[in-house]
**Student:** 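Below is a structure I'd like to ask you about.
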Amino acid sequence: MKLKDVFLNNRKILSNFSYLTILEIFLLIAPIITFPYLVRILGKELYGWVITAQVTASYCTILIEFGFKRISARHIANQNGDKNKMSITVSSIIILRFILWIISFIIYLVVIEVVESYRHQSILFIFSFLTTLSSVLFLDFYFQGIEDMKYITIVNVLVRGIFVGATFIFIKNSKDYIYVPLLWSIGYVLGGGISMWIVFNRHKLSFVMPLKSTLLLHLKEGSIIFFSDLMLSVKDKLNYNIMGSLIGMSDVVIYDVGSKISGLMQKPVSVICTVLFPRMAKNPNVNNAKEAMLVVFLISIIITIIVNVFLPSIVNFFIHEDIDLNAIRLYSISPIILSISIFIAINVFYAFGYDKLVLNSTIVTTIGYIILLTIMYCIGLLNSVESFVILTLSSYFIEMIYRIVFCNKIFKSKFQKSTVS
């Protein structure tokens, strides 16, 4: 097959890959651009508090999204352009997300009141919570399902780009630290609001009041992914809260640098998985999955090598001071492990209809994380950034092994069925 034919046959995938790549990279780079400026203006201690508040608010995002993003994208993909069905799906998710947003806000306020150190920073934490409105308004699952990321990419890059600039304009000294999450919240809300305008005006969907049974069905379907995401967040985000208490907010900033660099490294794989998901969900194919998995694994290895070569310069961009790079070099291994783990979860388990395996793998991983966390705490090993990175990598590795084992079983089962038929 000629290269031109390959391009024409996969033009939609390549187009969506391009737009989603731009969006995902921007969403990650935008806070990275402001990171060194905010560290310099606010200092590591105060910026550590900003990060902690953002991480705490992100737990609420998990409740608000409730696994709808992946399940609803699959529904939209399979509704074949039926505007009535898509309107019901989109309306159901908006209603459910808004109800969950209210519930999460109540829980969030209780947490702030109970934790004394958080109570002293209550305004910062409340402003950080406002970023969760993006989860209510941003209908990314719809654009993923119809395989059209053009409009949403353009809107979000433009709107959020304005508020990146606003950070440099309005944050002038350490007293302005509480306004950092407020500026981002305004950008998120505007981006989400415009995405809704596109869906209901440009794409002519209608907001309808769904049946109670429809809402309950979406809750039931999303519950497996919700519990999976919730437990996933325990091992991914709890480190921030514990680290701030045990070794200080300045170390939270160092850990966050490693997390941001690793997150940027993961984006190409994440984008590939997201773009391929609708196609995999419509036509689950073992050979295609294997080939794509090998590609994302090789890409992650290449990226890791390149990043480690230039790591001193990359870290210097974030923090203009000499620091020990061992923790960040360790963290940079995570994209290799996650490339396999995330691909299997999205493009095998979810796409092939084995949603419960994602939850099961996360349960096993979270149990492993808690056991390791307890052991390391009891013997006094949680005394450095490196120890928390090792804890994170260990949990990622456990998750990857579990998913590889069950992915292999699925592939064998599919192969046997195709042979019999």
Side-chain angles (χ1 to χ4, degrees), residues 27-28 30-32 34-35 38-39 42 44-69 94 96-138 140 156 159-160 163-164 166-167 170-171 176-193 195 222 225-245 249 252-253 255-257 259-260 263:
L27 293 180
L28 192 64
I32 287 176
T34 59
F35 190 102
L38 291 173
V39 170
L42 306 180
K44 286 195 291 186
E45 183 71 19
L46 276 179
Y47 193 51
W49 273 111
V50 172
I51 293 169
T52 301
Q54 290 174 339
V55 168
T56 305
S58 69
Y59 290 113
C60 296
T61 300
I62 298 167
L63 175 59
I64 296 164
E65 293 189 344
F66 207 79
F68 298 138
K69 184 182 294 186
I94 292 173
L96 288 170
R97 281 180 170 179
F98 182 69
I99 293 171
L100 292 170
W101 184 84
I102 294 173
I103 294 171
S104 65
F105 184 51
I106 295 171
I107 297 172
Y108 188 78
L109 290 176
V110 171
V111 171
I112 294 174
E113 182 63 29
V114 170
V115 182
E116 184 178 357
S117 59
Y118 292 1
R119 189 163 64 245
H120 294 316
Q121 298 285 352
S122 58
I123 297 177
L124 173 68
F125 276 79
I126 290 173
F127 282 173
S128 296
F129 180 81
L130 295 178
T131 61
T132 62
L133 279 170
S134 174
S135 297
V136 179
L137 303 175
F138 187 38
D140 49 350
N156 274 276
V159 171
R160 299 192 189 194
F163 286 91
V164 168
T167 300
F170 294 105
I171 309 301
D176 297 329
Y177 75 101
I178 59 173
Y179 301 119
V180 174
L182 181 62
L183 289 173
W184 282 101
S185 297
I186 295 171
Y188 290 164
V189 169
L190 280 177
S195 81
I225 300 176
F226 163 68
F227 286 112
S228 174
D229 288 344
L230 181 63
M231 283 181 283
L232 189 65
S233 71
V234 169
K235 64 183 178 61
D236 285 349
K237 298 177 181 178
L238 190 59
N239 281 355
Y240 282 91
N241 300 92
I242 298 175
M243 193 182 309
S245 301
M249 289 297 171
V252 169
V253 174
Y255 184 85
D256 192 54
V257 170
S259 177
K260 278 184 166 54

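Nothing here was measured: the structure is a model prediction, and the numbers come from that model.
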**Student:** If you round to the nearest 0.5 Å, how far is CD1 of I178 from OG of S122?
**Tutor:** 9.5 Å
**Student:** Just so I know, are the side chains of L46 and V50 near enough to count as touching, which here means a heavy-atom distance under 4.5 Å?
**Tutor:** no
**Student:** Please find the pair of heavy atoms, one from V252 and one from G48, that lie closest to each other, and give the distance.
**Tutor:** CG1-O, 4.2 Å
**Student:** Could you tell me the separation between the CG atom of D176 and the CG atom of L42, rounded to the nearest 0.5 Å?
**Tutor:** 8.0 Å
**Student:** Got a donor-acceptor contact below 3.5 angstrom from the R119 side chain to the E113 backbone?
**Tutor:** yes
**Student:** Below 30° counts as parallel, above 60° as perpendicular, anything between as tilted: where do the rings of W101 and F129 land?
**Tutor:** tilted
**Student:** If I compare all heavy atoms of A53 with all of L124, which pair ends up nearest, and what's the gap?
**Tutor:** CB-CG, 3.9 Å
**Student:** Nearest 0.5 Å please: distance from the CD1 atom of I186 over to the OH atom of Y179.
**Tutor:** 11.5 Å
**Student:** Closest heavy-atom contact between I112 and Y118?
**Tutor:** CG2-O, 3.9 Å
**Student:** Does the T34 side chain pair with the main chain of V164, one donor and one acceptor, at a distance under 3.5 Å?
**Tutor:** no
**Student:** Answer whether the closest heavy-atom distance between the side chains of L63 and Y59 falls below 4.5 Å.
**Tutor:** no
**Student:** Closest approach of V136 and I94, non-hydrogen atoms and distance?
**Tutor:** CG1-O, 4.4 Å
**Student:** Can you give me the closest heavy-atom contact between S135 and T61, atom names plus distance?
**Tutor:** OG-CG2, 3.0 Å
**Student:** Suppose we call two aromatic rings close when their centres sit under 6.0 Å apart. Are F35 and Y47 close by that rule?
**Tutor:** yes
**Student:** Quick check for you: to the nearest 0.5 Å, what is the distance between T132 atom OG1 and E65 atom CD?
**Tutor:** 10.0 Å
**Student:** Decide yes or no for W184 and S134: does some side-chain heavy atom of the first lie under 4.5 Å from some side-chain heavy atom of the second?
**Tutor:** no
**Student:** Hey, are the side chains of L183 and I171 touching, using non-hydrogen atoms and a 4.5 Å cut-off?
**Tutor:** yes
**Student:** For the CG atom of D256 and the NZ atom of K44, what is their distance to the nearest 0.5 Å?
**Tutor:** 12.5 Å
**Student:** Mark yes when over 12 heavy atoms from residues, nucleotides or ligands other than I123 sit less than 6.0 Å from its CD1; otherwise mark no.
**Tutor:** no
**Student:** State whether the side chain of S259 and the backbone N or O of Y255 hold a donor-acceptor pair below 3.5 Å, judged by distance alone.
**Tutor:** no
**Student:** Any side-chain donor paired with an acceptor under 3.5 Å for Y177 and Q121?
**Tutor:** yes
**Student:** Going by the side chain to side chain contact (heavy atoms under 4.5 Å, CB included) test, name the single residue among F105, F66, F226 that passes it with L100.
**Tutor:** F66
**Student:** Within this structure, what is the CD1-CG distance for the pair I126 and L130, rounded to the nearest 0.5 Å?
**Tutor:** 8.5 Å
**Student:** Restricting to non-hydrogen atoms, name the atom on S128 and the atom on Q54 that form the minimum distance, rounded to 0.1 Å.
**Tutor:** OG-N, 4.1 Å
**Student:** Is there side-chain contact between T167 and L38, with heavy atoms separated by less than 4.5 Å?
**Tutor:** yes
